[in-house]
Visitor: 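Take a look at the following structure, please.
Per chain, numbering begins at 1; letters A, B, ... match sequence-line order.
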2 protein chains.
Amino acid sequence: MNYKIKSRIWIEADNNVFLGEGRVRLLKAIETNGSLSKAAKSLEMSYKKAWTLLDAVNKSATKPVVITSIGGKNGGGAKLTPYGKSLITAFDTINKGCWKYLDKHLDTINSI
Amino acid sequence: MNYKIKSRIWIEADNNVFLGEGRVRLLKAIETNGSLSKAAKSLEMSYKKAWTLLDAVNKSATKPVVITSIGGKNGGGAKLTPYGKSLITAFDTINKGCWKYLDKHLDTINSI
DNA sequence: AACCGTTATATTTGTCAAGAAATAACGCTA
DNA sequence: TAGCGTTATTTCTTGACAAATATAACGGTT
């Protein structure tokens with residue numbers, strides 16, 4: 001049997017979790033749907049859970065990541081800032097690089 | 001403020017977690033103490049939790065990792081096999097390399 | 001002013017995992 | 001055979017986290 005190496009990476013700010021895989025997934029869904037409630041639905045997650053995650057992201061970020069608005073033509077919405085989009089890209093790049101590194105070193109384990 | 005990137009890696013066998021940071025810490029304590037109960041005490045962990053962890057490791061390993069014995073001169077004990085020792089070393093090496101990789105790419109985040 | 005689809009928030013309920021405690025089994029020693 | 005220090009296992013409790021529910025607030029539209 002062969003082993004597999006898995007990993008989780010996350011970004012902390014001031015000892016609080018700022019961005020992780022789940023939060024990035026949520027940000028991507030917000031970008032796609034333009035609204036927090038639709039994003040939550042698309043991820044089969046409760047609105048409250050999504051809201052709590054997003055709140056945590058916004059509270060620990062150094063610059064705005066998502067802009068939300070209440071009321072108006074379509075009831076409101078949520079939109080990523082350019083900073084938010086850059087964060088997603090950077091996170092994904094680093095994460096994929098990490099997987100690649102681990103894949104490269106898997107034989108260290110399997111050949112013991 | 002600067003962000004930090006953190007990570008967790010673990011090894012899976014057949015879709016079950018086999019080795020992670022906590023289990024490696026336990027294996028190291030077993031190596032040091034020669035007994036599971038003493039290892040648990042040194043990590044301020046209940047004996048049962050330690051036993052459950054070790055049981056999971058032994059069940060998903062392809063070769064014996066720890067040999068335990070009941071009764072006898074000193075009541076029994078737990079001892080790492082050479083395979084177990086090699087696993088610890090390999091895990092630590094890969095883990096440190098992963099941290100190094102992430103450190104190297106942290107500025108990607110901080111410079112956005 | 002009533003309505004709609006949002007964001008925002010509090011409260012309650014349910015679930016699951018960690019922890020504690022108790023007990024059995026084992027094999028050497030004296 | 002009684003005692004000792006282990007490993008091994010079951011049962012019960014507790015506490016934290018997840019989920020569900022309810023409600024308020026907002027600002028355009030009709």
Visitor: Could you give the CE-to-P distance, from A/Met45 to D/dA20, as a whole number of Å?
Guide: 13 Å
Visitor: In whole angstroms, how far is the P atom of C/dA22 from the NZ atom of B/Lys48?
Guide: 15 Å
Visitor: Name the residue closer to the 5' end of DNA chain D, choosing between B/Ala78 and A/Gly71 according to the nucleotide with the nearest heavy atom.
Guide: B/Ala78
Visitor: Could you check how far NZ of A/Lys41 sits from C1' of C/dT7, rounded to whole Å?
Guide: 14 Å
Visitor: Using a strict cut-off of less than 4.0 Å between a Lys/Arg side-chain nitrogen and an Asp/Glu carboxylate oxygen, indicate whether A/Lys96 and A/Asp92 qualify as a salt bridge.
Guide: no
Visitor: Is the shortest side-chain heavy-atom distance between A/Ile30 and A/Leu36 below 4.5 Å?
Guide: yes
Visitor: Does one hydrophobic cluster hold both B/Trp51 and B/Phe18, with members joined at side-chain heavy-atom distances below 4.5 Å?
Guide: yes
Visitor: Without decimals, in angstroms, what is the distance between B/Ile67 CD1 and D/dA8 P?
Guide: 11 Å
Visitor: So, A/Tyr3 versus B/Thr62: side-chain donor-acceptor pair below 3.5 Å or not?
Guide: yes
Visitor: Please determine whether a side-chain nitrogen or oxygen atom of A/Trp51 lies at a distance below 4.0 Å from atom OP1 or OP2 of C/dT7.
Guide: no
Visitor: Figure out the CG/C1' separation between B/Asn33 and D/dT6, and round it to whole Å.
Guide: 13 Å
Visitor: Distance check needed: D/dA25 P versus A/Leu36 CG, whole Å only.
Guide: 20 Å
Visitor: Using atom NZ of B/Lys73 as one end and atom C1' of D/dG5 as the other, report the distance to the nearest whole Å.
Guide: 14 Å
Visitor: Using the closest heavy atom to pick a nucleotide of DNA chain C for each, name whichever of B/Lys49 or A/Ser35 lands nearer the 5' end.
Guide: A/Ser35
Visitor: For the pair made of CG in A/Leu53 and P in D/dA19, what is the distance, rounded to whole Å?
Guide: 11 Å
Visitor: Measuring from the side chain of B/Ile70 (C-beta onward, heavy atoms only), which nucleotide among D/dT9, D/dA8, D/dC26 has the closest atom?
Guide: D/dA8
Visitor: Please state whether the phosphate of D/dT6, meaning OP1 or OP2, lies under 4.0 angstrom from any side-chain nitrogen or oxygen of B/Lys38.
Guide: yes
Visitor: Hey, does A/Thr68 reach any base, or is it just sugar-phosphate, or nothing, if we go heavy atoms under 4.0 Å?
Guide: sugar-phosphate
Visitor: Return the minimal non-hydrogen interatomic distance between B/Ser60 and B/Ala13, and the atom names on each side.
Guide: O-CB, 3.6 Å
Visitor: When you measure from the side-chain N and O atoms of A/Ser37 to the phosphate of C/dT7, is any distance below 4.0 Å, counting only OP1 and OP2?
Guide: yes
